[in-house]
Structure formats: C-alpha cells, structure tokens
Amino acid sequence: MTAPKGTSSDKKSQKIIVSAQRALKIESQAVMDLVDRIDEVLPQTQCEKSGYAGCRPYAEALVEGDDINKCPPGGNETILALSLSLIHI
C-alpha cells in the first residue's frame, strides 16, 4: 500500500528533487563561468583554425577536454594561459 500524497515520504522526495535541481543549476553556472574565463584568454580572431566556428565554441570544447594547442594565432602565450586556466578545474 502506498502512502497518500502529502505524506512525509512525498515531502522528502520533493526536497531531494529541489536539491538536485539547485545543484545542477550551480554546476551549469560554474561550467559557463569557466567557458567565459577561457574565452577571454583566446585572441578572438574567430579564424576557425582550431577546427571550431570561433573562439567561444573552442572554449566550450576545452572545458570538455579538447587539446589546448589548437589556436595558432594565440601561440605559446595562449597555450600557457589556457593551461593555467584549466589547472583549476
């Protein structure tokens, strides 16, 4: 027999769902903040030499684990800056 709606078990389930939704929102915001920081490091030439349609898509790929050496216009300086930015993940 299941407990009627509004019981302690139902309220606990709702609290767990709300907590999980908040955690996912916080994690999503943290990822977007990291993408923003990485995008600021890139030279913003939008040259597509990284294999992506611009600097922002490359920044998103970097957060997902792509290689940091795909930005020829940025050169070694950008590679170093990216490695320092990504150390904190």
Side-chain angles (χ1 to χ4, degrees):
M1 188 164 145
T2 61
K5 276 197 174 270
T7 64
S8 166
S9 176
D10 193 41
K11 289 178 184 177
K12 285 180 186 176
S13 295
Q14 284 181 323
K15 286 182 181 181
I16 291 170
I17 290 169
V18 168
S19 293
Q21 288 171 332
R22 285 183 185 148
L24 288 173
K25 184 177 180 181
I26 290 168
E27 182 178 321
S28 176
Q29 185 59 49
V31 168
M32 293 310 298
D33 290 346
L34 181 58
V35 169
D36 289 342
R37 286 195 316 262
I38 290 170
D39 191 39
E40 288 174 10
V41 170
L42 296 171
Q44 301 305 314
T45 59
Q46 313 306 331
C47 67
E48 301 183 14
K49 291 181 181 177
S50 64
Y52 293 92
C55 295
R56 180 74 181 195
Y58 181 43
E60 292 168 354
L62 286 167
V63 169
E64 293 177 7
D66 202 351
D67 295 332
I68 62 172
N69 62 348
K70 292 184 175 181
C71 180
N76 289 335
E77 185 177 312
T78 297
I79 291 171
L80 177 61
L82 289 171
S83 66
L84 293 173
S85 295
L86 292 168
I87 280 175
H88 303 292
I89 294 180

Chemist: CG of L62 to SG of C55: how many Å apart, nearest 0.5 Å?
Modeler: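 Output value for this atom pair is 10.5 Å.
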Chemist: Tell me whether Y58 contacts the main-chain N or O of K70 through its side chain, where contact means a donor paired with an acceptor under 3.5 Å.
Modeler: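 Such a contact is found between Y58 side chain and K70 backbone.
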Chemist: So L82 and N69, do their side chains get closer than 4.5 Å, heavy atoms only?
Modeler: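 N69 does not reach L82 side chain to side chain.
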Chemist: May I ask you to test the D39-Q44 pair for a side-chain heavy-atom distance under 4.5 Å?
Modeler: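 Yes. Closest side-chain heavy atoms under 4.5 Å.
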Chemist: Please tell me if the side chains of R56 and D36 come closer than 4.5 Å, counting only heavy atoms from C-beta onward.
Modeler: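 Side-chain contact under 4.5 Å: yes.
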Chemist: Between I79 and N76, is a side-chain contact (heavy atoms from CB on, under 4.5 Å) present by the stated rule, with each step listed?
Modeler: CA-CA 5 Å; I79 291 171; N76 289 335; 4.1 Å; yes
Chemist: Say you draw a straight line from NZ of K12 to CD1 of I16; how long is it, rounded to the nearest 0.5 Å?
Modeler: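 It is 8.5 Å, given to the nearest 0.5 Å.
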Chemist: For T45 versus P73, what's the shortest heavy-atom pair and its separation?
Modeler: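 In terms of heavy atoms, the two residues are closest at OG1-CG, 3.8 Å.
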Chemist: According to a 4.5 Å side-chain heavy-atom criterion applied to Ile, Leu, Val, Met, Phe, Trp and Tyr, with indirect links allowed, do V63 and M32 form part of one hydrophobic cluster?
Modeler: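 No, V63 and M32 fall in different hydrophobic clusters.
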Chemist: Does a side chain donor of either Q46 or E48 reach within less than 3.5 Å of an acceptor in the other side chain?
Modeler: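 Short answer, no.
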Chemist: I need the S83 OG to I68 CD1 distance, nearest 0.5 Å.
Modeler: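 CD1 of I68 is found 5.0 Å from OG of S83.
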